[in-house]
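Have a look at the structure below, then the notes.
So that the names make sense, note that chain A is the first sequence line, chain B the second, and so on, each numbered from 1. For the numbers below, each heavy atom of this structure counts, side chains included, while hydrogens, waters and symmetry mates do not.
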2 protein chains.
Amino acid sequence: MNSSPQSALLFISLDYGISKSLPDQIYNQIKEAVLTGRLKPGARLPATRVLANQLAVSRNTVVAAFELLGSEDYLVSRPGSGTRITSHLPEELLMIRSQPKNPVDKPADVGKISKLSLHLGGDDNKGRHHTSGLRAFRPGLPDLEHFPFQLWSRIIGRFWRNPPRDLLSSGDVAGYLPLREAIADYLGAVRGVRCNADQVFITSGAQQAIDLVARTIIDPGDDVWVENPGYAGLSSALMAAGARVNHIILDEEGICIKNGRHKAAGAVLAAVTPSHQYPLGITMSLKRRLELLEWAEEANAWLLEDDFDSEFRYSGKPLSALQGLDQTNRVIYIGTFSKVLFPSLRLGYVVVPESLIDAIANIRLAVDDHPTLALQPALHAFISDGYFSSHIRKLRKLYIERQGLLISALRQYADGLLFAAPNDSGMHLVASINPSFGIDDKTASQRASNAGLIAPALSDYCTGISLPAALLLGYAGLSHREIDRDVRFLVNALRR
Amino acid sequence: MNSSPQSALLFISLDYGISKSLPDQIYNQIKEAVLTGRLKPGARLPATRVLANQLAVSRNTVVAAFELLGSEDYLVSRPGSGTRITSHLPEELLMIRSQPKNPVDKPADVGKISKLSLHLGGDDNKGRHHTSGLRAFRPGLPDLEHFPFQLWSRIIGRFWRNPPRDLLSSGDVAGYLPLREAIADYLGAVRGVRCNADQVFITSGAQQAIDLVARTIIDPGDDVWVENPGYAGLSSALMAAGARVNHIILDEEGICIKNGRHKAAGAVLAAVTPSHQYPLGITMSLKRRLELLEWAEEANAWLLEDDFDSEFRYSGKPLSALQGLDQTNRVIYIGTFSKVLFPSLRLGYVVVPESLIDAIANIRLAVDDHPTLALQPALHAFISDGYFSSHIRKLRKLYIERQGLLISALRQYADGLLFAAPNDSGMHLVASINPSFGIDDKTASQRASNAGLIAPALSDYCTGISLPAALLLGYAGLSHREIDRDVRFLVNALRR
C-alpha cells in the first residue's frame, strides 16, 4: 500500500489552528500508524524536505517530529538509505508514554458491524429506561422519606469498620448465609413459603432472579407463559434466554389456564403474580391456583411466582404464596427488597426447589460468581433486629392513607374523567379513563409526560389485546401534598 | 380416585410418638389435602367412627379434628348427607393460619425432573466453588490487612447518612456516572485505554462483565477463541451463552493466531489476557497484538481483553492495553476492583466500543436492571480522593516483596522439588515440579489440599494439551510469616 516513500505519509492531516504544536501532531500520527500496523516495520519515509512540502510546514517542524520519533526508537536514519520505520519493533513501544489525561475520541465505526446475538431482548424493554427526578406517579416507587437512614448508616458503618476477613476473601454463590436464613424464616412465617436457607439465593434484585431462572431452564425456542397484561422486564429476560413468550389473557380469577393450554400446552414455564397481579391487581383465586398447579404437573412445567409487593396488603391477613400450596416442588418463588427499602439497593432473592439448587448455583457462578457483600450483613442485622418489620408496618399505614388520598383527589378533581377503585394491596392504582372523554391511554400518558408526570398507559402492558383505556398511578412514594398537587396537574394536562 | 367415603382419607398417616397432638395431625393432613386438590370440593368423608377405627384412635380424636376443620369452613356436616369437603372453597382458605415458624420440609422430588437448559456451564466451572477459610496459596487473593477499613467505613457511612433521594429511586443502567468518569480517566492515564464515560459499564465483578459481553454477542453454536491454558470462569460464561469454545494454544509471544485460524478462522470473538496471561504470566508481544487485531478485522470479530491484574506490575512502566492500539473499535476491555480491594466487593467494569453501548444496555436491563448503589459512590470518593492510587502503590510494594519471599522460601525449603522464576507482574507464580520427583501436578495439588493448602495444578487450566507439571502459588494475600511457614508445610505435604 505504501510502496513509494513519497506516498508513505499521505495519511497525515494537520490542524493548523489548534493549540497542539505541529511537530507533536506529526509525531503522534506517525507513532499511531506504527503501533496500529498502518506503517510496516522497515517502511521508508519521505525526506524531511519532501514531507514539509506535502504538509505545507517548515522543514524544521518535520525534523523536530522525526527527532522525537528517533529518540523513542520508532525511526532509524542511515546515510544512503534514508529514514525508515525501525524493522524490529521493540517491546518498549508498548509502554505508555504521554497518554493524554482526557482520552482522545476514536473515529466512528467504519464498515459493517461485528456480530451481535439474536436474543437482544427485543422491544419488550420499552419504557424500562427510568427517568430519574420525576416522582409522580411512578409505579413501584416507595416512600423514601421515612426510611431510617441514620440507623442504616450506623449499621453499615459498624460492619465495614472491621469486617471478618473470611467474608472479604470469598463469598457463597448463594449469598450471605445468615441473611438467607432470615429470609427463609420470614417467608415461612409471613408468606407460607416452605423452604430452608439452602434453597434461598440472594440476587441483585428481582430482575436478576428472573434472569437466573430463565437461563437455568430455558433453551432457545422453548415456550413459556406470561400474564397479559404483564411486566415487561419479565418478558425481556425470558426472551433474552431465547424463550418463545406466550402472552396469556386473564379473567377475574387470574391467568386463564384454558387460554394457556390453547396457546402452548407444553410450555416449560409459566410466570405468574398470584398475590397481586401486575399491573391489574387481581388476586388469583384458590381454584385457579389449583388448576395452575394441575396443569404444571401434567406438563411437567416450572411455575415462577413473582411476589413483588406482597408486603403491602392492607386488609385481611396476608395471602399464602402459591409456593406453599405446591406439593410437587415445581414453584420457584421470587421476592425483592427494592419495594420495601429502595429500588437502587438491588437486593432480592429467589427460592428454588431442591432439585434446582445445583443448576442455579452453576449458572450463578457463570453469571456473576456471587452477590456483593456490600450490604448483605447490614440488611441481615436490619431484619434480625426487627427494624425491617417495623418499617413495613410504618409503610403499610402510610400507603393505605396515600391510596385513600389518591382516590379522593381523583374524585375531587377528575370526576368524570379518571376513576380508580380501591385495591386492598400494592403501590399503585389502575385509573380508568372515561370513554366519553375520547382519548386512548397512550395519548393520555403522553400528555402527562409532556407535563412532567409519569402515568404509564395500561395498553403498554398489553400484547395483542385491548383493554379499556387506563393509566397506572403509583402513590406509595408521594407525600400527601404531592398527591393533591400532582392529581390537579395531571387532570389539567389531560384536559390540555 | 376417592369414590367411596371409606377410602377417602386413607392417605392419613399418624405418628403416635411425636409431641404434636393426634387431632392436630389429622386436621393438618386433611387441610393440606384440600388445599392441594387431593380432596376435591364436595367429597364425602367417612363417618368419625369409621375413621377412628381406620386410624386406631379414639372417636373423640377424630371429632376434635373435624370440629377444627368445620370451624375454618373446610368441612360441612348435614344431617342425612354426612360430612363433606365444602363444595365452594372460600378464598379465606388461602389465608395463612398457623404456619410453623420453622418451615416443614417438603417430600423429596418425585418422578421425572422438569426441563433444564442445555447450556448449564458444563464442568468448566470445576474448582470455582471457593473454599473459604484457606489462604495459602490461593491465586488472586489480595492482601486484606493493609486496607484502610476505618477510612472506608467512614466514607460509606457518610454517604448513607443522607443519600441523595434521586440516587435511591432509580439507577443508570450503566452505573453511577461519577464513578464511570473516574474509571475512564484512570484507564486513559494508566492503561492507555481510550474511552469516555458513556462506554463504561459498572458490573458486579469481571465475571458479570464477561457474561454481559457473551450474551450481547453470542448465539448458540458461535465459535469463540479462549487461551489454553486459561481461566475457567471465562469459558463457563461463554459456554453458558451457547458458544462453541475453541481452546487456542500459546507460544512465548501469546495466543497463537495460526492455531486459532486453523481451529476456527471465523470465530465471532477471541478472549485474551494480553498484559499478563492467566495463568502463565506471558505478556503478549506487540507483533502478536498487531496480528491479533489484523485477524479480528479480517474476521470482523470482537476481541475481549481481560486486564484482570494489570495494577500489579513491578518493573518498567505499565504496558498499554490492547484496546488503545485498536483503530477499528472491536476491543472490549474488562477490569475489576476485586484484586485491588477485596474479592467479595463484586465491582468491576467493561469498556465497550460505542457501537455496542445500546446492545449492552439492553441486555443489562434484562439481566439485573442496573448495578447496586451500595458502594459505588463510596468507591468514587475513594478513587477521586487519591486513596485508591496510594493503596495500589502500597500493595505493589508489598507484593513484590512477597513474591521475592516466596521464591527464596522455595529455594530454601524446596530446592530440587519446586522451582519458580520471578515474574514482573501479578499475584501468583507458576512453580514447576521437578520431573525427577515423579508426580503429576494433580497429585501434587491433591496432596497440598489434604494438608489444608490450596495450590491449583496447572493442568487444571489446560484443555486437551499437556504442559510440564506445575502448581499455581498465590502470594499476594500472605504475610511474610505465612509464606515461610506454608512453603514448609507445602514441601512436607508433597514429600508426604
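In this structure, B:Ser153 contributes its side chain and A:Gly157 its backbone to a donor-acceptor pair below 3.5 Å. Under the 3.5 Å distance criterion, the side-chain polar atoms of B:Ser117 are left unmatched by any main-chain donor or acceptor of A:Thr216.
Of the atoms belonging to A:Leu212, not a single heavy atom falls under 4.5 Å from chain B. Within the 4.5 angstrom heavy-atom criterion, only side-chain atoms of A:Asp222, from C-beta onward, approach chain B. For chain A, no part of B:Ile155 is nearby; none of its heavy atoms comes within less than 4.5 Å. For a residue to count as touching a neighbouring chain, one of its non-hydrogen atoms must lie under 4.5 Å from one of that chain's; by this rule A:Pro371 touches chain B with the backbone only. Both the backbone and the side chain of B:Val367 come within less than 4.5 Å of a heavy atom of chain A. If you measure heavy-atom distances from A:Glu294 to chain B, the contacts under 4.5 Å come from the side chain alone.
Distance CD1/B:Ile363 to CG/A:Asp211: 8.5 Å, rounded to 0.5 Å. Note: A:Glu145 CD to B:Arg165 CZ = 5.0 Å, rounded to the nearest 0.5 Å. Considering CG of B:Asn362 and CG of A:Leu116, their distance stands at 11.0 Å, rounded to 0.5 Å.
Listed by chain and number, the residues in a side chain to side chain donor-acceptor pair (under 3.5 Å) with B:Ser204 are A:Asp368, B:Gln208 (sequence neighbours excluded). For the side chain to side chain contact (heavy atoms under 4.5 Å, CB included) test, residues two or more places apart in sequence or in another chain that qualify with B:Arg154 are B:Gln150, B:Leu151.
By the 30° and 60° cut-offs, the orientation of the rings of A:Phe149 relative to B:Trp160 is parallel.
When every heavy atom of A:Lys115 is checked against every heavy atom of B:Asp219, the shortest pair comes out as NZ-OD2, 3.0 Å. The two residues B:Arg215 and A:Ala241 have their closest heavy-atom pair at NH2-N, 4.0 Å. Closest of all the heavy-atom pairs between A:Arg346 and B:Asp369 is NH2-CB, 3.2 Å. Counting all heavy atoms, side chain and backbone alike, B:Ser344 lies closest to A:His370 at CA-NE2, 3.6 Å. Annotation for B:Ala366 and A:Ala237: closest pair O-CB, 3.6 Å, computed over non-hydrogen atoms.
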| field | Steps toward side-chain contact (heavy atoms from CB on, under 4.5 Å) verdict (B:Leu347, A:Thr372) | value | CA-CA 8 Å; B:Leu347 270 172; A:Thr372 174; over 6 Å; no
| said: I'd like to know whether A:Ile156 forms a side-chain contact (heavy atoms from CB on, under 4.5 Å) with B:Phe159, so could you lay out the CA-CA distance, the side-chain angles of the two residues, the decisive distance to 0.1 Å, and finally the verdict. | reply: CA-CA 10 Å; A:Ile156 296 174; B:Phe159 173 79; over 6 Å; no
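Using modelled atom types, one finds a donor on one side chain and an acceptor on the other under 3.5 Å when comparing B:Ser114 with A:Arg330.
Looking at B:Phe342 and A:Ser169, their side chains never come closer than 4.5 Å, going by heavy atoms from C-beta outward. The closest side-chain heavy-atom distance from B:Leu345 to A:Leu168 is not below 4.5 Å.
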